[in-house]
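Heads up, the thing below is written out as structure tokens.
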Amino acid sequence: MSDFVMYEEEFRRVDEELRRLYQLANAKLVFLVDKNGQLIASAGDTHNIDTTALASLTAGNIAATGGIAKLLGQKEFSILFHEGDRDNIHISIVANKVILGVLFDQRSSLGIVRLRVKKSTAALTRIFHEMDRKALGENRGRAELSPFAEITDEDIDQLFK
Amino acid sequence: MSFINYSSREINCKIVYYGPGLCGKTTNLQFIYRKTSPQQKGKLISLATETERTLFFDFLPLALGDIKGFKVRFHLYTVPGQVFYAASRKLILKGVDGVVFVADSQIERTDANIESLEDLKINLADQGYELDRLPYTIQYNKRDLPNIVPVAELDRLLNPTKVPWFECVATQGMGVFETLKNIGKQVLKELKKHY
Ligand SMILES: Nc1nc2c(ncn2[C@@H]2O[C@H](COP(=O)(O)OP(=O)(O)OP(=O)(O)O)[C@@H](O)[C@H]2O)c(=O)[nH]1
Ligand SMILES: [Mg+2]
């Protein structure tokens, strides 16, 4: 199983796309999570929101409905929508590998969010595909790039003092 | 599957606490949560039933410190131990970097331990993992109770490959951090090997 590695340049592009989506969808918060629940990036007001917990629960949500889909013998549900009394959340899968969440209230609408998510999904998919290609190509030169190349056992022990 | 972010300079690793129902998985996370400083930890999220049995998972993000300028974070998860939550357990194992098997030392839980370990192996295999090739630590919990199996016997039953193990009383915190440190180190050393 390969690790999920994100480099500066892709991160910037992902970040830019999330910002665009945040503005165009008139959202409260837009966030991207890997399927294991680790937050990749977000745009919007994260002041009163624990984004780490949000990421983990969102991935749990996708995992649970994915389990249901499997049980029913169909592909995973690629879009989930939860309507609340104040805020709503739209959750979708991008490039089969990451989860895009959009939190919005009455200043936006499901229609707008849907449309904008669709456009951003296409852009994000391109970025992630390029990332995969790059990861393949750079496999050999990886040792120099990795912070782990020169980590010693002492460094690790140090962390657990 | 660790997540390494070169932009925010973070490394995130996922550790799953596995074991039979009521063996003390959630108690481990609660103790860790209580004993770490606010800067180090996020919220402890527990998706539990009304009787405090884990329904889907517990989740605790923990920041340990830096290695070579990278922030190292562990995401600790527990699975629901009750037999009928098998489907959920499998989901939690996705992307796991290291496993802690929490065994219940009580004599009457011997079969439950063995079954849970089998269940772990099957669920890992379904995700394309092998327990023998993962960072893996065993914890013999509830050592404070009177009716317990001797550690040597537990080790014979549950630990054929001789992975590191710890005696523990999770309710009092004994052995909890020893277990966490051990699995954490194994995970980082494994990550290092990959590069
Ligand atoms: N005496 C004793 N009790 C313990 C110990 N560890 C946990 N317990 C108790 O065992 C019970 C179950 O603990 P949990 O941590 O909820 O168990 P769990 O493994 O999360 O259970 P599930 O969520 O159902 O899988 C609680 O009442 C704990 O207080 C221990 O070391 N000694
Ligand atoms: Mg529990």
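Keep in mind the model is a prediction, meaning the values are calculated, not measured. Each chain gets a letter, A, B and so on, in the order the sequences are listed, and its residues count up from 1.
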Sort [X] into side chain, backbone, both or neither according to what part of it lies under 4.5 angstrom from a heavy atom of chain A.
X	result
B/Leu47	side chain
B/Phe57	side chain
B/Ile45	side chain

| said: Please find the pair of heavy atoms, one from A/Gln38 and one from A/Ala55, that lie closest to each other, and give the distance. | reply: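 Looks like C-CB, 4.4 Å.
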| query | So which part of A/Ile62 gets closer than 4.5 Å to some heavy atom of chain B, the side chain, the backbone, both or neither? | reply | neither
| field | Interface moiety of A/Ile40 toward chain B, non-hydrogen atoms closer than 4.5 Å | value | both
| query | Should the pair A/Arg19-A/Glu16 be classified as a salt bridge under the 4.0 Å nitrogen-to-oxygen rule? | reply |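 Judged by the 4.0 Å cut-off on N to carboxylate O distance, A/Arg19 and A/Glu16 do not form a salt bridge.
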| query | Does the pair A/Arg126/A/Glu17 count as a salt bridge with the N-to-O cut at 4.0 Å? | reply |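 No salt bridge links A/Arg126 with A/Glu17.
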| task | Please step through salt bridge (Lys or Arg N to Asp or Glu O under 4.0 Å) for the pair A/Arg12 and A/Glu9, ending with a clear verdict. | result | CA-CA 5 Å; A/Arg12 235 194 3 259; A/Glu9 189 201 328; 5.7 Å; no
| said: Would the distance check show the side chain of B/Asn147 and the main-chain N or O of B/Ile107 forming a donor-acceptor pair, the cut-off being under 3.5 Å? | reply: no
| When only pairs under 4.5 Å are counted, which of A/Gly67, A/Ala53, A/Ser56, A/Ala63 shares the most heavy-atom pairs with chain B? | A/Ser56
